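Here the structure is laid out as structure tokens; the discussion comes afterwards.
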Amino acid sequence: LYEAVGDISPRRVLTLLKPIMMEQRKPFQVLGSVAANLGQLTNGFCVSLSSFALPQILRGEGGISMTLEESSWFASVLALGCVTGALSGGYTCEKFGRKRSMMLDCLGLIAGFLLIGLASNFPLILLGRFLTGHFAGSNLVSAPIFVGETSHPSIRGLTGSMLIILYCSGFTISMFLGAVFPWRTVTFLATSPAILSFILLNLVQESPSWLLRQKRESEAYNALFFYRGSEFVVREELDKMKENLRRMEKQEEAEGASTVEKLKAKFRRVGDPSFLKPFLLLNLMLNIGLEWGGFPALAFYMHTILEEIQVPFDPYWIAVVLSAFRTVVSIGSSFMLVKVPRRPMYLFAGSLVAIALAIQAAYAWFNTYIPAQLIPAGRWIPFFAIILQYLGFSLGYGVIMYILQGEILPSDMRSFGSGLLGIIDNIALFLAVKLVPVLISSVGVGGMFFIYSCFTLFTITVCFFVMPETKGMSLEEIEDFYASLKETDKQEKKQISKV
């Protein structure tokens with residue numbers, strides 16, 4: 001080797017070999033991402049269940065019946081479960097570790113689906129829906145953190161996309177099964193991804209960052225070696241983690257060591273620009289951009305909406321085609337996000353979503369003016385508009401937010417911030433889902449999609465001014481970026497006070 005590269009230092013040789021070493025361990029990082037995000041594949045089953053099950057239940061199939069009011073609770077109670085799941089998920093993934101927290105979520109998801117499938121009355125079904133929502137919400141806190149902390153920046157675009165890829169895959173598989181089998185059969189089949197996730201999580205290592213914060217340095221080294229495969233790379237990353245940890249420990253010493261003081265310190269940190277700025281950005285992208293971008297309406301009431309806009313085909317199979325399209329594009333975009341900068345991709349994808357929502361609103365308002373001879377062809381306009389909306393979602397509008405969630409929050413506030421984000425998100429999701437029938441009856445399908453289009457335009461406009469570019473940056477570099485913004489704010493305030 002030395003003859004090939006010349007008379008250079010051993011450290012220089014290791015630096016040259018670093019890309020080769022990293023390449024060999026990328027499959028292990030992908031395996032960790034898949035193991036974690038199989039919980040979100042199960043979440044795809046959770047969300048889509050109401051879309052195909054409610055029409056069957058309202059027809060009296062499955063040995064149970066519901067009123068229209070009960071059916072709206074069946075759809076929306078999942079989001080209430082996600083609220084409690086986000087609250088507990090932030091605690092369990094910090095207390096017990098990201099890996100154990102996700103394994104607990106798998107067991108809860110299995111229990112919830114079995115309860116729905118075996119339930120003989122409405123309260124038991126509602127309890128099962130709540131449980132699946134709770135553990136899906138908890139998993140949504142832990143999975144992006146785990147993936148962000150185990151993936152190298154060079155592959156984080158791919159591994160971070162696994163959440164959306166597997167969620168969309170679960171949604172599609174569930175829609176397909178719902179078109180073929182009775183809804184109770186689908187609930188039993190929905191336990192399979194959670195079982196597989198539990199098995200695979202036993203095969204991968206815990207987050208090195210979490211282990212290091214628990215003072216388990218040797219385990220952190222072994223875990224990071226599992227994901228990197230090079231002692232040189234491991235030492236380099238561990239040194240950065242330790243430096244970051246020392247900085248946080250000094251801050252904690254200044255704030256106090258008791259549990260109450262730590263809790264108070266975390267709530268004080270909420271107002272700190274290094275936390276508040278990325279947290280508000282994530283809230284904008286998730287709770288306004290996604291939850292009020294028309295996606296919950298399509299996810300929970302897709303068959304109802306397709307029937308309302310009179311698409312000239314069986315709504316069950318149209319739903320399968322739409323879901324499959326979103327999954328395929330999500331898989332393709334995951335490879336693009338490894339190469340393409342995230343900020344322009346997000347803004348472009350968001351623009352597609354806004355245009356698609358505007359087309360759906362315009363069609364709902366003006367379809368009565370379409371000439372009679374063009375009506376059969378015109379009824380396909382909403383279908384292609386939904387295709388365009390899902391294209392924007394899969395190209396980055398839905399994917400990039402979850403990548404950023406595992407990147408831009410400070411490491412010492414990542415669990416707390418993700419849990420808080422999840423709570424707010426699922427309250428927004430509950431309201432968005434519960435208000436779909438209200439919006440349709442009050443402003444019509446056209447008015448509903450116009451409102452969604454306005455929220456999407458607002459989101460991408462604000463993101464144009466405040467969204468950072470994180471591609472290729474390590475977690476420590478991203479944290480330093482927001483810390484530098486904090487110092488800039490302090491200096492500006494001092495200058496203003498002097499004036």
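On a predicted model such as this, the values are computed, not experimentally measured, just so you know. Basis for what follows: all heavy atoms, side chains included, without hydrogens, waters or symmetry-related copies.
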Using modelled atom types only, decide if a donor and an acceptor are shared between the side chain of Thr327 and the backbone of Cys168 within a distance under 3.5 Å. yes

Would Gln56 and Arg59 satisfy side-chain contact (heavy atoms from CB on, under 4.5 Å), going step by step from the backbone distance to the final call? CA-CA 5 Å; Gln56 296 180 34; Arg59 291 195 299 266; 3.7 Å; yes

His134 side chain to Gly85 main-chain N or O, any donor-acceptor pair under 3.5 Å? yes

Give the C-alpha distance, both sets of side-chain angles, the deciding distance and a yes or no for side-chain contact (heavy atoms from CB on, under 4.5 Å) between Met285 and Tyr346. CA-CA 10 Å; Met285 297 171 72; Tyr346 179 83; 3.4 Å; yes

Gln29 side chain to Tyr227 backbone, donor-acceptor under 3.5 Å: yes

Should Met162 and Val30 count as side-chain neighbours, where that means a heavy-atom distance under 4.5 Å? yes

Below 4.0 angstrom, N of the basic side chain to O of the carboxylate: do Lys242 and Glu217 qualify? yes

What's the shortest heavy-atom distance between Leu38 and Ser197, and which atoms? CB-CB, 3.5 Å

Strictly under 6.0 Å, is that where the ring centroids of Phe113 and Phe188 end up? no

One thing to verify: whether Glu206 and Arg98 come together as a salt bridge, which I'm taking to mean a side-chain N less than 4.0 angstrom from a carboxylate O. no

Counting only heavy atoms from other residues, nucleotides and ligands, does the tally under 6.0 Å from CZ of Phe458 exceed 12? no

Which word best sums up how the rings of Trp73 and Phe430 line up, parallel for under 30°, tilted for 30 to 60°, or perpendicular for over 60°? tilted

Any side-chain heavy-atom pair from Pro182 and Thr185 closer than 4.5 angstrom? yes

Do Ser48 and Phe171 touch side chain to side chain, with heavy atoms closer than 4.5 Å? yes

Contact summary for Cys46 and Thr132, nearest pair of heavy atoms: SG-CB, 3.7 Å

Polar side chain donor-acceptor pair, Ser138 to Ser88, under 3.5 angstrom: no

Over-ring placement of Lys99 relative to Trp210, 6.0 Å and 45° cut-offs: no

Could you walk me through whether Arg213 and Glu94 pass the salt bridge (charged side-chain N to carboxylate O under 4.0 Å, His left out) check? CA-CA 10 Å; Arg213 288 202 300 278; Glu94 192 61 38; 3.7 Å; yes

Set out, in order, the CA-CA distance, both residues' side-chain angles and the distance that settles side-chain hydrogen bond (donor to acceptor under 3.5 Å, both in side chains) for Gln40 and Asn37, then state yes or no. CA-CA 5 Å; Gln40 289 310 299; Asn37 287 311; over 6 Å; no

CD1-CE distance between Ile173 and Met175, expressed to the nearest 0.5 angstrom: 12.5 Å

Between Arg129 (side chain) and Phe74 (backbone), is there a donor-acceptor pair under 3.5 Å? yes

Hey, is the main chain of Val47 close enough, under 3.5 Å, to the side chain of Ser51 for a donor-acceptor pair? no

How close do Gly178 and Phe52 get, counting heavy atoms only, and between which atoms? CA-CD1, 3.6 Å

Whether the side chain of Tyr390 engages the backbone of Ala385 through a donor-acceptor N/O pair (distance < 3.5 Å, no angle test) should be reported. no

Measure centre to centre between the rings of Phe275 and Phe279, then say whether the value is under 6.0 Å. yes

Would you compute the distance between atom CE of Met467 and atom OG1 of Thr459 and round it to the nearest 0.5 angstrom? 12.0 Å

Phe176 vs Val321, test: side-chain contact (heavy atoms from CB on, under 4.5 Å). Steps then yes/no. CA-CA 9 Å; Phe176 173 77; Val321 171; over 6 Å; no

Heavy-atom side-chain proximity of Ser394 to Ile164 below 4.5 angstrom: no

Looking at Ala119 and Leu124, what are the two nearest heavy atoms and their distance? CB-CB, 3.6 Å

Minimum side-chain heavy-atom gap Phe45-Leu41 below 4.5 Å: yes

Can you find a side-chain donor-acceptor pair between Gln214 and Glu219 that sits under 3.5 Å? no

Distance check, rounded to the nearest 0.5 Å: Arg326 atom CZ versus Thr172 atom OG1? 6.5 Å

Minimal heavy-atom distance between Leu109 and Ala136, with the atoms involved, is CD2-N, 3.8 Å

Within this structure, what is the OG1-CG distance for the pair Thr92 and Asn139, rounded to the nearest 0.5 Å? 10.0 Å

Check for a donor-acceptor pair, side chain of Asn202 on one end and backbone N or O of Phe198 on the other, with a separation under 3.5 Å. yes

Atom CD1 in Ile423, atom CG in Asp425: separation rounded to 0.5 Å? 10.5 Å

Verify side-chain contact (heavy atoms from CB on, under 4.5 Å) between Cys82 and Leu140, making sure each step is shown before the conclusion. CA-CA 9 Å; Cys82 289; Leu140 193 54; over 6 Å; no

State, with a plain yes or no, whether a side-chain heavy atom of Leu54 is found less than 4.5 Å away from one of Met66. yes

Ile165 backbone acceptor or donor facing Ser169 side chain under 3.5 Å: yes

Min side-chain heavy-atom separation Cys463-Leu284 under 4.5 Å: yes

Ignoring hydrogens and geometry, is there a side-chain-to-backbone donor-acceptor pair from Ser151 to Gly148 under 3.5 Å? no

Is a side-chain donor or acceptor of Ser453 paired with a backbone partner of Phe449 at a separation under 3.5 angstrom? no

Any Asn287 side-chain heavy atom under 4.5 Å of Leu421 side chain: yes

For Pro410 versus Ser274, what's the shortest heavy-atom pair and its separation? CG-O, 3.4 Å

What is the distance from atom CD of Gln389 to atom CG of Leu352, rounded to the nearest 0.5 Å? 11.0 Å

Heavy-atom count check: over 12 atoms from other residues, nucleotides or ligands less than 6.0 Å from Arg100 CZ? no

Using 30° and 60° as the class boundaries, would you call the ring planes of Phe455 and Trp292 parallel, tilted or perpendicular? tilted

Evaluate the ring planes of Phe28 and Phe226, with Trp represented by its six-membered ring, and classify them as parallel (under 30°), tilted (30 to 60°) or perpendicular (over 60°). perpendicular

